[in-house]
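Here the structure comes first, spelled out in structure tokens, and everything after it is commentary.
Note that the structure is predicted; figures quoted are calculated from it, not measured. Values reported hereafter were calculated over all heavy atoms of this structure, with side chains retained and with hydrogens, waters and symmetry mates removed. Residue numbers count from 1 along this sequence.
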Amino acid sequence: MREIFASMPWWVKWVAVPVIALVVFGGLIFSIVNFVVWLLFKVLVFAAIVGGLVYVVRKFMAGSSSRGDW
């Protein structure tokens with residue numbers, strides 16, 4: 001295999017083969033990238049919701065403790 005590529009021009013190795021790979025596997029690559037972006041978005045939404053919950057609970061606990069102990 002190495003001998004075959006050694007006899008090819010540079011543009012076949014560095015332009016044609018990657019373009020063919022993108023055409024053949026482009027859908028798969030797009031699906032994987034799309035899944036990773038979707039997963040990162042879900043993680044960010046989860047972190048924002050948990051952070052908001054922690055903020056609200058801390059504000060509520062700080063407000064209730066300033067009124068005196070029961």
| query | Under 4.5 Å between side-chain heavy atoms, hopping through other hydrophobics if needed: is there a path connecting F46 to V54? | reply | yes
Under 3.5 Å, which donor-acceptor pairs link side chains of residues 5-32 to any protein atom two or more places apart or in another chain?
residue	atom	partner	partner atom	Å
S7	OG	I4	O	2.9
S31	OG	G27	O	2.9

| With sequence neighbours left out, what residues match V37 under side chain to side chain contact (heavy atoms under 4.5 Å, CB included)? | V33
| message | Taking transitive links into account, so neighbours of neighbours count too, which hydrophobic residues share a cluster with F41 at under 4.5 Å side-chain distance? | response | V45, I49
